[in-house]
Amino acid sequence: MSTTNVAFVSAQVLANEDLGADCRLLRLAVEPELDTSAVRPGQFVMVRGPWAHHPMLPRPFSVLDTADGQLEILVKVVGRGTTLIAGLHRGASVTVLGPLGRPFPPPTPGVRDLLAGGGAGIPPLYLHALRAPAGSAVELLYGGRSAADLVLVDRFAAARLSWHCCTEDGSAGSKGRVTDLLEAQLDFPGDQRVLACGPTPMLKAVASLCEARGVACWISLETEMACGIGICRGCSVAHPEGGWRCTCTDGPVFEAGEVVL
Amino acid sequence: MSTTNVAFVSAQVLANEDLGADCRLLRLAVEPELDTSAVRPGQFVMVRGPWAHHPMLPRPFSVLDTADGQLEILVKVVGRGTTLIAGLHRGASVTVLGPLGRPFPPPTPGVRDLLAGGGAGIPPLYLHALRAPAGSAVELLYGGRSAADLVLVDRFAAARLSWHCCTEDGSAGSKGRVTDLLEAQLDFPGDQRVLACGPTPMLKAVASLCEARGVACWISLETEMACGIGICRGCSVAHPEGGWRCTCTDGPVFEAGEVVL
Amino acid sequence: MTVDLAMELCGVRFATPVLSASGTFGYGLETAAVLDPADLGGVVTKGISPLPRKGNPPPRICETAAGMLNSIGLENPGVEWFADEKMPPLRAAGATVVANFFGDDPDEYVSCAAALDKIDGVAALELNISCPNVAHGGMQYGTDPRLAGRLVSACRAVTTKPLWAKLTPNVTDIVAVARACVEAGADALSLINTLSGIGINVRTRRPRLGNLFGGLSGPAIKPVALRMVHQVYAAGLGVPLVGIGGITTGEDALEFILAGASLVQVGTATFSEPTAMLRITDELRQWCRELGAERVGDLVGTLKV
Amino acid sequence: MTVDLAMELCGVRFATPVLSASGTFGYGLETAAVLDPADLGGVVTKGISPLPRKGNPPPRICETAAGMLNSIGLENPGVEWFADEKMPPLRAAGATVVANFFGDDPDEYVSCAAALDKIDGVAALELNISCPNVAHGGMQYGTDPRLAGRLVSACRAVTTKPLWAKLTPNVTDIVAVARACVEAGADALSLINTLSGIGINVRTRRPRLGNLFGGLSGPAIKPVALRMVHQVYAAGLGVPLVGIGGITTGEDALEFILAGASLVQVGTATFSEPTAMLRITDELRQWCRELGAERVGDLVGTLKV
Ligand SMILES: Cc1cc2nc3c(=O)[nH]c(=O)nc-3n(C[C@H](O)[C@H](O)[C@H](O)COP(=O)(O)OP(=O)(O)OC[C@H]3O[C@@H](n4cnc5c(N)ncnc54)[C@H](O)[C@@H]3O)c2cc1C
Ligand SMILES: Cc1cc2nc3c(=O)[nH]c(=O)nc-3n(C[C@H](O)[C@H](O)[C@H](O)COP(=O)(O)OP(=O)(O)OC[C@H]3O[C@@H](n4cnc5c(N)ncnc54)[C@H](O)[C@@H]3O)c2cc1C
Ligand SMILES: Cc1cc2nc3c(=O)[nH]c(=O)nc-3n(C[C@H](O)[C@H](O)[C@H](O)COP(=O)(O)O)c2cc1C
Ligand SMILES: Cc1cc2nc3c(=O)[nH]c(=O)nc-3n(C[C@H](O)[C@H](O)[C@H](O)COP(=O)(O)O)c2cc1C
Ligand code: FES
Ligand code: FES
């Protein structure tokens with residue numbers, strides 16, 4: 001890992017917007033020591049609020065977007081830590097460590113990027129699409145159980161991204177899972193890659209689809225983390241040839257064959 | 001202890017006012033199960049905020065005033081628990097257990113009550129003065145290091161209480177300690193009692209003054225508490241004839257001779 | 001789905017598996033204004049000794065991260081007072097009473113057990129060989145398997161009521177102590193009591209407790225308690241276990257049950273929230289539903305390792 | 001008032017008494033972007049074994065109340081790699097390095113000690129006889145005073161560098177183990193390592209750690225750690241102590257120092273706040289001022305009991 005541009009800073013909550021589906025969008029003003037322009041899509045930050053020892057550990061969140069001195073993250077409430085972070089008021093102080101981890105590979109001229117994500121797995125894909133140089137071929141495939149889960153569609157539209165969505169109950173987009181969308185897109189004749197982020201079963205399905213079609217596939221993993229910077233060895237995932245990879249420093253983005261899901 | 005009117009309820013912070021000198025006044029809306037009309041001056045409540053396990057224990061606060069379904073407490077910030085409670089926003093939820101403990105003896109016709117208090121030790125005395133029946137002779141003696149410490153003087157004035165104050169630096173009232181004020185008042189010819197609340201060294205000084213003059217003296221004690229209701233035995237104070245008294249159920253108000261200070 | 005929360009232990013029926021822990025619920029009626037003790041699985045009393053005990057000098061409690069230290073020192077007015085003053089109202093209230101007891105030496109333990117044996121309405125005895133706060137009558141019996149076994153045998157001889165032994169976590173090998181107690185005739189094992197700890201006031205450079213040493217309780221100790229319940233359960237000693245340590249939610253209680261506890265006790269949580277045991281019971285019922293268990297007993301020891 | 005924070009231990013000078021704890025600061029340079037290891041009292045490395053070790057299956061960490069469980073299992077690439085890859089940059093960075101090490105059996109311990117003895121820039125060796133997460137090379141040495149003593153003797157024989165023994169809290173009698181280590185030649189004692197604990201995911205009914213058992217660290221364990229430092233200090237064994245367990249503030253560090261620690265190590269706090277050690281050092285300096293201590297060393301063991 002190159003930690004040279006990692007900073008540990010205190011940050012202020014500038015806004016906390018309810019996106020529905022237990023998701024909130026937090027905009028954070030970070031101190032200048034954290035160079036937001038250095039953040040690459042797929043990277044994450046460790047965030048901790050002003051509470052005492054419980055929870056004690058910070059929580060990892062992908063960077064959704066950056067602006068000068070500001071970071072946005074999408075927080076889906078799943079447990080105690082995310083409940084507290086999602087409940088932070090405007091003006092609250094948090095600490096932010098980042099940017100961390102290996103980003104998605106940047107768009108390559110002539111290669112189409114298919115970005116497959118669901119629920120809280122969408123932020124790094126959104127940033128990848130947003131940052132793709134003009135003329136890149138990037139398609140966002142966004143799935144959820146129902147329309148309410150697709151919390152970022154307004155942003156997609158506002159940013160004029162190219163995207164397709166699907167829901168399990170058919171309430172928005174096509175009916176089905178994001179892997180169905182992906183399968184349909186994989187018939188595309190030219191060079192392409194898949195970048196995916198979401199729950200592990202989805203990543204497994206995506207990876208095996210890609211393997212079957214011989215399409216390069218990158219996935220962003222989520223594991224519990226203590227440090228986020230490679231010192232605790234708590235975030236290990238198995239490598240197919242034995243040994244471990246650290247999700248926080250070798251990942252969170254891995255090529256599908258690099259890890260055992 | 002009679003616990004028959006004790007209730008454990010959830011409450012909402014209605015207002016949180018900065019009084020200066022690290023003190024805040026919190027007004028709490030308690031559920032109807034807590035009968036605020038049953039609160040007697042000198043009684044306290046155990047308050048806990050919506051944080052997880054640190055701090056874990058609730059904190060005891062004297063009741064400053066009550067209104068229909070509402071309680072007021074004065075919170076002086078001295079450590080982690082009071083910092084968090086003092087920082088609660090309007091609308092925050094807390095739990096309240098109370099009313100608890102033995103109150104001050106009610107005013108007796110023909111006997112003057114001298115109430116000696118300082119800093120965060122003033123709330124129960126204020127309530128005693130406020131609730132004294134018309135015609136009772138009640139004098140509040142209020143001391144602090146400097147004028148800013150006398151956080152309740154506006155209320156005293158608004159309630160038309162009879163009061164004297166003093167400060168160590170002479171910035172308000174007479175220069176000196178509350179025991180100086182008290183000593184001057186003890187020359188009063190008629191029947192009188194002293195009710196005191198404040199730091200232990202002050203209580204000691206008050207008690208010995210009263211003993212020397214043969215004046216009845218009641219003091220309100222502060223100790224660390226876990227339960228507030230007599231089940232943990234954590235709040236013991238020594239009785240002069242051996243054994244312990246529970247500050248939470250035998251007190252917090254004791255006759256001076258009942259406890260070893 | 002209705003869930004059957006009742007558990008039977010050594011012939012005693014507990015309406016729910018959630019009991020109060022000794023020393024954290026007085027004698028069961030102090031909180032009657034907010035909680036009916038008959039709604040609990042049972043009330044485990046504050047530790048009782050044959051003669052009154054004064055306890056330790058203050059300060060007796062201090063808070064720590066997600067926990068607290070106490071050095072109450074087993075203050076209590078003695079077994080006679082308990083029988084005369086506390087048992088009649090407890091019986092009237094319909095509470096299931098487990099009497100926690102101790103002594104300064106083996107003779108005292110035995111005389112207390114014998115006295116409790118005769119008290120109508122005491123459903124079971126919990127032998128405290130684990131209090132870290134008193135010089136005698138405390139932890140040394142619980143850290144030496146031979147001494148623990150002898151004490152259990154001696155008490156066993158004087159009571160026909162179910163005898164639970166309450167173990168201290170301050171040992172290298174909890175299974176060795178547990179085994180000694182079971183071999184000596186304990187009907188059930190309660191674990192754990194508090195971890196020995198201290199706190200220091202840096203300003204005064206003095207201990208934060210009058211007695212220096214105290215017992216650590218609360219959520220902080222839950223992982224240790226759970227580990228010990230699992231280890232003792234896995235040792236297959238053939239007696240039911242009572243899980244104690246840092247339980248504040250139904251999920252916590254269920255963790256202990258999955259690890260092998262038939263009953264649980266709630267201690268420190270009652271201080272933060274006097275009605276915690278009722279909430280925990282409700283949450284536990286809800287968890288049984290979610291896991292599809294019709295009887296909480298079906299979940300005991302079902303951790304998949 | 002200027003405060004002298006430097007401490008000398010067995011001939012090694014530590015610029016401050018605040019060191020990183022093993023396993024919670026990697027090999028000292030991973031966080032170089034936010035913290036210069038030369039600003040610390042010292043860097044205690046992740047546990048080193050003679051041969052590379054794979055460690056335990058995931059999940060390897062889970063959070064608990066004011067603490068965490070870990071079952072990393074001493075994953076490390078071995079002593080040779082440490083010497084070749086990690087020591088040169090650490091030397092260049094000017095860090096004071098204490099090498100924490102272990103082995104699967106006594107021979108491995110000895111060969112690791114011998115290898116570390118030869119590495120230029122390793123200021124002292126910390127013998128880990130206390131890891132609860134591995135079947136061998138771990139806690140059983142630390143729970144039996146005889147085994148602990150033998151291991152210390154054997155390592156003592158192959159190194160002239162200061163040898164610290166790091167003790168486990170999972171014992172009945174910490175002083176017995178401490179004494180055995182000192183009699184066998186340990187120059188200093190580090191205490192404590194983690195408390196053994198488990199966690200259970202009630203939904204899956206599976207352990208929260210791949211290895212089932214893990215080590216509990218963080219603020220939750222501070223009262224236990226402090227108690228053990230006090231007990232060992234009070235036993236007067238004549239060697240300096242290194243206090244570890246739940247330190248997150250300068251006040252915590254000072255509690256350990258008053259209890260008898262000459263140095264402290266900060267572990268889990270680094271995960272919440274990578275620069276915690278620097279803040280703790282500043283706060284400790286401030287406390288020395290408030291207490292009127294010109295040298296932090298003057299405060300060691302000054303608890304008034
Ligand atoms: C690199 C990375 C990027 C992430 N980006 C985002 C994001 O942009 N938005 C977002 O909402 N979430 C994101 N997550 C997941 C987020 O970190 C977890 O949801 C959060 O840590 C859970 O904390 P908690 O205290 O609420 O849950 P807990 O109470 O700790 O646990 C609740 C449940 O979540 C699981 N869980 C806990 N921690 C993690 C974790 N780190 N990863 C996955 N599952 C976990 C637990 O096993 C449990 O089942 C990311 C995780 C990683 C590793
Ligand atoms: C019956 C009673 C009535 C009280 N009424 C009021 C009131 O009306 N307003 C108010 O501001 N405070 C009142 N207090 C004191 C208040 O409860 C404590 O200041 C508070 O508990 C400290 O919590 P903390 O977490 O902020 O402090 P901690 O971090 O726990 O400790 C900070 C310092 O305060 C001391 N301390 C801690 N708990 C107590 C305690 N219960 N009593 C005294 N000292 C303590 C500690 O020893 C330490 O020196 C009352 C206390 C009692 C017992
Ligand atoms: C204030 C206090 C007093 C206690 N007194 C006793 C006692 O008299 N006898 C006993 O066996 N355990 C006693 N305990 C230990 C508890 O019963 C329980 O084992 C321990 O607190 C762990 O549970 P918890 O984490 O839920 O509190 C006491 C605990 C506390 C906090
Ligand atoms: C993730 C992790 C890994 C650890 N690895 C080691 C190790 O390799 N060797 C060792 O002696 N102690 C190890 N420890 C124990 C710590 O050095 C320390 O003794 C313990 O965590 C208590 O301190 P703390 O509460 O400040 O974390 C580890 C602790 C953690 C949390
Ligand atoms: S989270 Fe600590 S090494 Fe990855
Ligand atoms: S605070 Fe528990 S008995 Fe008084």
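- The two residues D:Glu30 and A:Ile229 make their nearest non-hydrogen contact at CB-O, 4.0 Å.
- Of all non-hydrogen atoms in D:Ser272 and A:Pro58, the two that sit nearest each other are CA-CD, 3.7 Å.
- Scanning residues 19-42 of chain A against chain D with a 4.5 Å heavy-atom cutoff picks out nothing at all.
- Proximity to chain A (any heavy atom under 4.5 Å) is restricted, for D:Thr270, to the side chain, taken from C-beta onward.
- Other residues, nucleotides and ligands place no more than 12 heavy atoms under 6.0 Å from the CD atom of A:Glu211.
- Remark: A:Leu209 pairs with A:Thr179, A:Leu182, A:Glu183, A:Leu186 by the side chain to side chain contact (heavy atoms under 4.5 Å, CB included) rule, at least two apart or across chains.
- Contacts of A:Leu57 with chain D are made by both backbone and side-chain atoms, with heavy-atom separations under 4.5 Å.
- Looking at A:Ser236, the atoms closer than 4.5 Å to chain D (heavy atoms on both sides) sit in the backbone and in the side chain alike.
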>> As a quick check of understanding, evaluate side chain to side chain contact (heavy atoms under 4.5 Å, CB included) for D:Glu273 and A:Thr95, giving each step before the final call.
In response: CA-CA 8 Å; D:Glu273 184 191 352; A:Thr95 59; over 6 Å; no

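- When the shell of 6.0 Å around NZ of D:Lys54 is examined, it contains more than 12 heavy atoms from other residues, nucleotides or ligands.
- When the side chain to side chain contact (heavy atoms under 4.5 Å, CB included) test is applied to A:Glu224, the partners found at least two apart in sequence or on another chain are D:Ile61, D:Cys62.
- Counting non-hydrogen atoms of neighbouring residues, nucleotides and ligands closer than 6.0 angstrom, the CZ atom of D:Arg205 exceeds 12 such neighbours.
- The OG atom of D:Ser71 sits 14.0 Å away from atom CZ of A:Arg233, with the distance rounded to the nearest 0.5 Å.
- Of all non-hydrogen atoms in D:Phe271 and A:Cys227, the two that sit nearest each other are CD2-CB, 3.6 Å.
- The OG1 atom of D:Thr31 sits 11.5 Å away from atom CZ of A:Phe8, with the distance rounded to the nearest 0.5 Å.
- For residues 50-59 of chain A, the set of pairs meeting the side chain to side chain donor-acceptor pair (under 3.5 Å) definition, not counting sequence neighbours, comprises A:His54-A:Arg80, A:Arg59-D:Glu63.
- Summarising the local packing, CZ of A:Arg90 is surrounded by 12 or fewer heavy atoms from other residues, nucleotides or ligands at distances under 6.0 Å.
- For the residue pair A:Met56 and D:Pro219, the shortest heavy atom distance occurs at SD-CD, 3.5 Å.
- Only the side chain of A:Arg48 comes within less than 4.5 Å of a heavy atom of chain D; its backbone N, CA, C and O stay farther away.
- Note on D:Pro52, D:Pro59, D:Gly67, D:Gly55: by heavy-atom pairs under 4.5 Å with chain A, the leading option is D:Gly67.
- Comparing A:Gly243, A:Ala52, A:Pro55 by heavy-atom pairs within less than 4.5 Å of chain D, the highest count is held by A:Pro55.
- The heavy-atom pair separating D:Arg60 from A:Gly234 by the smallest distance is CB-O, 3.9 Å.
- Interface residue A:Met225: only backbone heavy atoms are found under 4.5 Å from chain D.
- Heavy atoms of other residues, nucleotides or ligands lying less than 6.0 angstrom from CZ of A:Arg177 number 12 at most.
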